[in-house]
Amino acid sequence: MDFLNKVLFVPLNILPFYVLALVIGFTVHEFSHAYVANKFGDPTARLLGRVTLNPAAHIDLLGMILLLIAGFGWARPVPVNRENFSRPRLMGILVSAAGPVSNLLVALLTAIIYYALNYFGLIGSFANNRIDIAIYTFVEYMILMNCFLFIFNLIPLPPLDGYRILSDWLPPRISVRLQRVEQWAMLLFLLLVFIQPLRAVTIQPLYQLANTLGGSFYTLGNLLFGG
């Protein structure tokens, strides 16, 4: 047990909530990419069975393992053929943005639903206090991890959504030059995983920012439902 606690990014007693929040966050994120791409006329993801909320269609095993040990990872990327869009650059940006925005909405809705249920007495009054603690812990990680996925995926580095947005927004001649750095993306992420000082000044601040953003949703929930 001590060994696992040292290896894992979160303590073992938190692990189920952390994993469930990530599975939901990843699934909604990738589904949103696929759904919006299909709506804009690209059936690629739909034909591959990606316009679904079934986690099995989206979860990447290696990406999940890295999330468990390093605090960040990835799901299976949704294939998008921009040539099927009537306005490739604009629709490409919207498809890329759909994933992070969906995570932000999940975090916001989780906070609102939690405070609404608490306000109407549907949670927070169980005879077994462990149930209340479990619900709160799950809500906490749902908000934190979805805020993290929102922020992390907007970083303009390949293969993240922020890079795809930047690539579609910039003039084509500059976008072509950016493609030269794509080959180094995996190496960069592996360095962030295995070199602790790098992780401390990159991934960790993102979690702090996600925590701050999530805190604003708690504040909103309090305002809406009277604390």
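Only this structure's heavy atoms are used, side chains among them; waters, hydrogens and symmetry mates stay out. Along the sequence shown, residues are numbered consecutively beginning with 1.
For the pair H58 (side chain) and T52 (backbone), a donor-acceptor distance under 3.5 Å is present. Not one N or O on the side chain of Y119 forms a donor-acceptor pair closer than 3.5 Å with the backbone of L224. The main-chain N or O of S167 is never found under 3.5 Å from a side-chain atom of R89 such that the two would form a donor-acceptor pair. A donor-acceptor distance shorter than 3.5 angstrom exists from the side chain of R50 to the backbone of R76, with no hydrogens or angles considered.
No option in L90, L94, D42 other than D42 meets the side-chain contact (heavy atoms from CB on, under 4.5 Å) test with F85.
Using a 4.5 Å heavy-atom threshold, the side chains of L213 and L104 count as touching. Within the 4.5 Å cutoff, the side chain of C147 has heavy atoms near those of the F217 side chain. Residues R164 and V80 have side chains not in contact (no heavy-atom distance under 4.5 Å, counting atoms from C-beta outward). Put simply, the side chain of L108 does not reach to within 4.5 Å of the side chain of N146, judged on heavy atoms. Residues L22 and Y141 form no side-chain contact, since every pair of their non-hydrogen atoms from C-beta on lies 4.5 Å or further apart. Using a 4.5 Å cut-off on side-chain heavy atoms (C-beta onward), F40 and V95 make contact. L144 places a side-chain heavy atom less than 4.5 Å from the side chain of N211. Contact check for P43 versus N84: side-chain heavy atoms found under the 4.5 Å cut-off.
Between the CG atom of L117 and the CD1 atom of I112 there is a distance of 12.0 Å, given to the nearest 0.5 Å. To the nearest 0.5 Å, atoms CG (L206) and CZ (F148) are separated by 5.5 Å. With rounding to the nearest 0.5 angstrom, the OH atom of Y114 is 14.0 Å from the CE atom of M142. For the atom pair CE (M145) and CG (L20), the distance works out to 12.0 Å, reported to the nearest 0.5 Å. Put simply, CG on L223 and OH on Y218 are 15.0 Å apart, with the number rounded to the nearest 0.5 Å. Rounded to the nearest 0.5 Å, atoms CD1 (I24) and CG (N103) are 11.5 Å apart.
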### Query
How far apart are the C-alpha atoms of I165 and L154, what are their side-chain angles, what is the distance that settles it, and do they pass the side-chain contact (heavy atoms from CB on, under 4.5 Å) test?
CA-CA 8 Å; I165 292 171; L154 287 178; 4.1 Å; yes

### Task
For the pair F31 and V78, evaluate side-chain contact (heavy atoms from CB on, under 4.5 Å) and give the outcome as yes or no after the intermediate values.
CA-CA 8 Å; F31 164 79; V78 168; over 6 Å; no

### Message
Let's go through M64 and V19 carefully: what are the C-alpha distance in whole Å and the side-chain angles of both, what is the deciding distance for side-chain contact (heavy atoms from CB on, under 4.5 Å) to 0.1 Å, and is it a yes or a no?
### Response
CA-CA 8 Å; M64 281 297 295; V19 170; 4.2 Å; yes

